[in-house]
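Single-structure report; data block below.
Counting convention: from 1, in listed order, for ligands and their atoms alike.
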Amino acid sequence: MPEGDTVYRTAKNLDAALRGDTLTRCDIRVPAFATVDLTGDTVESVVSRGKHLLIRVGEHSIHSHLKMEGSWHLYRHGTKWRRPAWQARAILETDDWVAVGFELGVLDVVARDDESSVVGYLGPDLLGPDWDADEALRRLTADPSRAVGLALLDQRVMAGLGNVYRNELCFLRGILPTRPVEDVDRPERLVDLAQRLIDANKDRVERTTTGSLRGETAWVYRREGKPCLRCGTRIEHGELGDTALELRDVYWCPRCQS
Ligand SMILES: [Zn+2]
């Protein structure tokens, strides 16, 4: 699943290509918005809010979320798409570009002044210009008995973290993801590290949490059964979620984390 850094970069690329230009085609292929046609309107900006993307066109915002399989691609007119056409959910064209949103997990169109209806619930945006570490800390510690591994994924606490970062952050702070938030030593450091880690990756195509881009790019994520890069102990794997339907993979070193 794409993390906030991927969405941030997607927004930046779309913004650079589309900003200020008029849509010459607007094809939204989800039933509820199939009749929406913003052709002739100007793309004002493209921004990310956590893992959400907002393409602001005229008086509207095209809101999307990549979920598990989604992606936005930019093509020059007449070039071959890298994903099959039947996966396209939105096609936006300008004189210079064709922007295609494939398999978007969420896609809707809202009035510009109603963006809060789709992103208003989000916590401070880790990569936003209005990032607020104090507010993120307040939200993180508001439910002291909650597992820290769940709180980190909760977009109402901080917006932008996905499963890679929540696992890596727990390792880097030496805490098991199942531990309650109240057991986290200096939680403000966890918030600070989350922001620094995702910020360091926001302009890279390949993500790393170890500082290495050639060798191992993660300490624990998807490394179950392999030796811990710090102590050599085998990395463990399990699942964690608020409910049985929301289970997500967790990875940890039983020696480095407690
Ligand atoms: Zn270890």
Side-chain angles (χ1 to χ4, degrees), residues 1-9 50-51 68 123-124 126-127 131 133 136-137 139-258:
M1 172 177 289
E3 312 249 342
D5 48 9
T6 306
V7 182
Y8 172 90
R9 214 162 41 248
K51 295 193 279 185
M68 300 306 277
L126 286 150
L127 293 174
W131 163 245
L137 180 63
R139 291 179 180 224
L140 177 68
T141 53
D143 186 354
S145 63
R146 194 173 189 199
V148 64
L150 294 177
L152 287 173
L153 271 191
D154 188 339
Q155 303 299 301
R156 292 169 297 186
V157 172
M158 286 180 261
L161 299 179
N163 208 20
V164 179
Y165 283 114
R166 74 107 165 236
N167 280 291
E168 295 294 290
L169 285 165
C170 288
F171 174 85
L172 287 164
R173 295 299 299 147
I175 190 150
L176 291 168
T178 47
R179 282 277 192 178
V181 168
E182 62 195 346
D183 286 358
V184 176
D185 180 40
R186 313 273 309 264
E188 67 279 9
R189 288 195 177 182
L190 181 61
V191 170
D192 178 56
L193 183 61
Q195 200 277 331
R196 283 188 290 121
L197 205 55
I198 197 167
D199 188 72
N201 279 297
K202 74 180 192 295
D203 294 314
R204 290 186 191 133
V205 172
E206 198 169 357
R207 177 183 304 117
T208 179
T209 54
T210 60
S212 169
L213 280 168
R214 287 187 202 163
E216 298 284 357
T217 56
W219 295 99
V220 293
Y221 183 74
R222 288 193 175 159
R223 293 196 69 251
E224 69 271 30
K226 294 183 180 167
C228 172
L229 299 174
R230 198 173 270 167
C231 76
T233 305
R234 272 176 194 275
I235 300 299
E236 304 264 358
H237 169 245
E239 290 181 319
L240 180 65
D242 281 314
T243 69
L245 290 175
E246 295 170 323
L247 294 176
R248 302 282 304 278
D249 294 306
V250 281
Y251 307 85
W252 68 94
C253 171
R255 185 160 172 205
C256 292
Q257 293 169 257
S258 59

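- Using a 4.0 Å cut-off between a side-chain N of Lys or Arg and a carboxylate O of Asp or Glu, Asp5 and Arg207 qualify as a salt bridge.
- Excluding waters, the set of protein N, O or S atoms lying under 2.8 Å from the Zn ion (ligand 1) comprises Cys228 SG, Cys231 SG, Cys253 SG, Cys256 SG.
- For Arg196 and Asp199, the salt-bridge test fails: no basic side-chain N is under 4.0 Å from an acidic carboxylate O.
- A salt bridge does not link Asp154 to Arg139: none of the charged nitrogens lies less than 4.0 Å from a carboxylate oxygen.
- Salt bridge annotation for Arg186-Glu188: present, with a cationic side-chain nitrogen under 4.0 angstrom from a carboxylate oxygen.
- Using a cut-off of 4.0 Å between Lys/Arg side-chain N and Asp/Glu carboxylate O, Glu216 and Arg223 are scored as salt-bridged.
- In this structure, Tyr221 and Tyr251 have perpendicular ring planes: the angle between them is above 60°, well past the 30° mark.
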